[in-house]
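Scroll down for the structure; my scribbles are underneath it.
Here is the naming used below: chain letters follow the sequence lines, and residue numbers restart at 1 for every chain.
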2 protein chains.
Amino acid sequence: MRDFNKKLRVVLIDDNANHLRGIKELINLESSYDVVGTTTSANLGINLIKKYHPDIVLMDINMPEKDGLQTLQAINKLNLSTKVIALSGYDDADLIYRAIKLGAKGYVLKTMASVKLINAIEEVANGKIYLPSVLSTRFFEYFQSTAREEEKVSEEENLLTSLTMREYEVLELLTEGINYKSIAGKLIISETTVKTHVNNIFQKLQVNDRTNAVLYALSHGFKPSKKTAMTAV
Amino acid sequence: MRDFNKKLRVVLIDDNANHLRGIKELINLESSYDVVGTTTSANLGINLIKKYHPDIVLMDINMPEKDGLQTLQAINKLNLSTKVIALSGYDDADLIYRAIKLGAKGYVLKTMASVKLINAIEEVANGKIYLPSVLSTRFFEYFQSTAREEEKVSEEENLLTSLTMREYEVLELLTEGINYKSIAGKLIISETTVKTHVNNIFQKLQVNDRTNAVLYALSHGFKPSKKTAMTAV
DNA sequence: TTTTATCTAAACCTAAAGATTTAGAAAAAC
DNA sequence: GTTTTTCTAAATCTTTAGGTTTAGATAAAA
C-alpha cells in the first residue's frame, strides 16, 4: 500500500514537448506528486528511470525514435518496482493488448479528461490496474478473440484424434526431439516397431517427416498425456 | 445493442438446487428478465441452451459432474450469441483467467451482493465484460505474470541471439519444416551452403538435429523476421 | 466366428540429414 | 593494413530417417 507521507515520484516521457509541459503542470497542481524528470526521448527516459527509480512513469507509447512497446520491455528488464502508465492517442485493441501484456499498469487516452490521468496515477500507485471501461472492453474482446482462434485451430478437423494411444505416445516423444533408438528404449519396443508407428503417424497427419509432425502437433493443441513414460521401470 | 421491448431470456445452471432457486427468485423480481430454464446438471444445461438459445446463461463453474470450464467450451462450440456469466465461490486467479479465456462475459462471486448479479446481466447484455474490480485486478495480475514468465524464457541467455542474419533466415525456414533443397531454392544459394549454415546453427544452439533446433527456436521466442523470403524474385 | 484394429517386428532399400575439413571472397572491425 | 566475421561452396563420409512390404499375436467388434 501507498505511504501517504511520501510524495509519489513521477517521470514523464512524451516526444511532444508541448504535451509534456501540459501534463507536468497538471500533475504539479497535485501536492502529493513530485515530477522528478521529464524528457522527449525514449532512450533518455530509460536513463532517467535508472537514475531516479520513480514510483510512476507516464509514457507516450506512440513515439518515433524507439516505440513505446520496446521501451516498456527495456523498463521491465530493469526489474524495478516502477509502474508504467501508457499514454496514447489511439484506442487500438492490439496496442492496448500488447501494452498490458508488456506490463503496463494503466492505459489512458490523450483525449480523456485530465482528471482521469490523476485517477490513473492514484489507482496504479495503490497496486491496481487502471483501464477505463471503453479500453477494458477493447482489451477483453481482443483477448477472447485471440483465444478463440487458438481454440478453433486445435478443434477443426484435428488429425491428432485419429492417432491410437501408442502412436500418441510415440508422437509425444517425437515432440521432445528424441531419435528412434531412444524412443525404442523408452517404450521398450524394437526400433523397427517405432519406425512403423512413426510412418503411420506421418500418414495420419499427412506429413513426410518428423519436423512437420512435431509442428503439426504443437499447432493443433497437442498435450502430453502425462501418463506416458511409465512403461520404463 | 439491447432491445428493451423484448425480455432477456435467461438460463440458470447450478448444481446447488437451493442456490438455483434463490437466483431464480431474485431475477424474477426484475420485470425485464425471463428465466426460461433452470437445471442442476451441466449436461442438461447444454441441452437447455440448444433448445432455447437464451441471451444470457448464469452458470456455476464449480460443478462435480462436468466442470464449468468444460461446459463453457461445449457452449462455445454451439456458436450461438448466448453470453455466459460465470458464478463461482472462489476468486482464484487461475480460474478467473481460464473462464474469461474460454469466453465468459462475466464473473461474479456468490458472496457478492445480489445487486451485482443484476448489474452483471445488464452490462453483459449490452455487450460489455463484467468483472468486478477485485476480480479484474486478479485477472490482470495473472495475465501479466504469465506474460512475464514467457518473456523471461525468451530472454535468459538466449542462444538465438548468437545467430547471424543469414543463419536466422535459414532457421526460419527450418521452423516451417522445409528441407535442404527447398531452402537452397528459396534463398538462392547452393544446398551445401545451406548445410553449412545449418551445422553452424546446430553448434550455436547446442543441438544435433533440426527437430531440436526448431523446438529450441519455438520455445525461446523465435519470431519470423518477415523481411525474409524476398530474396526469391 | 470371422473380420477389423492395434501392436509388434523384420528385411530391404533410397533419400536425406548430419559431421568434418577446406577454402575463396567481401565486408567490417581493429 | 591486417585480422575477424560472414557468406559462400565443395568433397567426403557416416548415420539417421523415411518408404514399402510382409507378417504374427491379440483383443475387440461385427
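Cation-pi check for B/Arg210 over B/Phe202 is not met; the charged atom does not lie both under 6.0 angstrom from the ring centroid and within 45 degrees of its normal.
Where the helix from C/dT1-D/dA30 to C/dC30-D/dG1 starts and where it ends, the local axes point in directions that differ by 50°; five pairs per end, rounded to 10°.
Remark: B/Arg9 engages no residue in a side-chain hydrogen bond (donor to acceptor under 3.5 Å, both in side chains) (not counting sequence neighbours). A search for side-chain hydrogen bond (donor to acceptor under 3.5 Å, both in side chains) contacts involving B/His53 returns nothing, not counting sequence neighbours. Qualifying side-chain hydrogen bond (donor to acceptor under 3.5 Å, both in side chains) partners for A/Tyr130, counting only residues two or more places apart in sequence or in other chains: none. For A/Asp209, the side-chain hydrogen bond (donor to acceptor under 3.5 Å, both in side chains) partners at least two apart in sequence or on another chain are A/Asn212. With sequence neighbours left out, the side-chain contact (heavy atoms from CB on, under 4.5 Å) criterion links A/Lys181 to A/Asn179, A/Glu191. With sequence neighbours excluded, the residues forming a side-chain contact (heavy atoms from CB on, under 4.5 Å) with B/Glu150 are A/Lys101, B/Thr146, listed by chain and number. A/Glu167 meets the side-chain contact (heavy atoms from CB on, under 4.5 Å) test with A/Leu163, A/Thr164, A/His197, A/Asn200, A/Ile201, A/Lys204; sequence neighbours excluded.
B/Ser190 comes within contact range of the sugar-phosphate backbone alone, with a heavy-atom separation under 4.0 Å but no base atom that close. Heavy atoms of A/Thr164 sit under 4.0 angstrom from primed sugar atoms or phosphate atoms, though from no base atom.
For DNA chain D, the span of nucleotides reached by chain B at under 4.0 Å from its heavy atoms goes, 5' to 3', from D/dT6 to D/dA10.
Here the CG atom belonging to A/Asn62 is positioned 9.5 Å from the CG atom belonging to A/Leu87, to the nearest 0.5 angstrom.
As rounded to whole Å, 17 Å separates atom P of C/dA5 from atom CE of A/Met165. Atoms OH (A/Tyr168) and C1' (C/dT6) sit 18 Å apart, rounded to a whole Å. Distance, A/Leu187 CG to C/dT8 P: 8 Å, rounded to whole Å. Separating the CG atom of A/Asn179 from the C1' atom of C/dA16 is a distance of 16 Å, rounded to the nearest angstrom. Look at CG on B/Asp209: it is 6 Å from P on C/dG18, rounded to the nearest Å. Across the protein-nucleic acid pair, A/Arg210 atom CZ and C/dG18 atom P stand 10 Å apart, rounded to whole Å. As a whole-Å value, the separation of A/Tyr180 OH from C/dA9 C1' is 15 Å.
Here ring-ring contact (aromatic ring centres under 6.0 Å, His included) pairs that include residues 76-99 of chain B, with residues two or more places apart or in two chains, are A/Phe143-B/Tyr97, B/Tyr97-B/Phe139, B/Tyr97-B/Tyr142.
Both B/Ser162 and A/Lys181 lie near DNA chain D, and the one whose nearest nucleotide falls closer to the 5' end is B/Ser162.
Note on A/Thr192: every side-chain N or O is 4.0 Å or more away from OP1 and OP2 of C/dA9.
B/Tyr216 and B/Leu159 make their closest contact through OH-N, 3.0 Å (heavy atoms, listed as atom of the first residue, atom of the second, distance). Across all non-hydrogen atoms, the minimal contact from A/Ile129 to B/Phe140 is CG1-CB, 3.5 Å.
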N/O contacts under 3.5 Å, protein versus nucleotides 28-30 of chain C?
none

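Of all the residues in residues 195-204 of chain A, A/Thr196, A/His197 reach under 4.0 Å from DNA chain C with at least one non-hydrogen atom.
One side chain, B/Thr193 or B/Ser190, offers a donor N or O that lies under 3.5 Å from an acceptor on the other.
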Task: Pair A/Asp14-A/His19, side-chain hydrogen bond (donor to acceptor under 3.5 Å, both in side chains): steps then yes or no - done: CA-CA 7 Å; A/Asp14 195 325; A/His19 196 230; 2.7 Å; yes
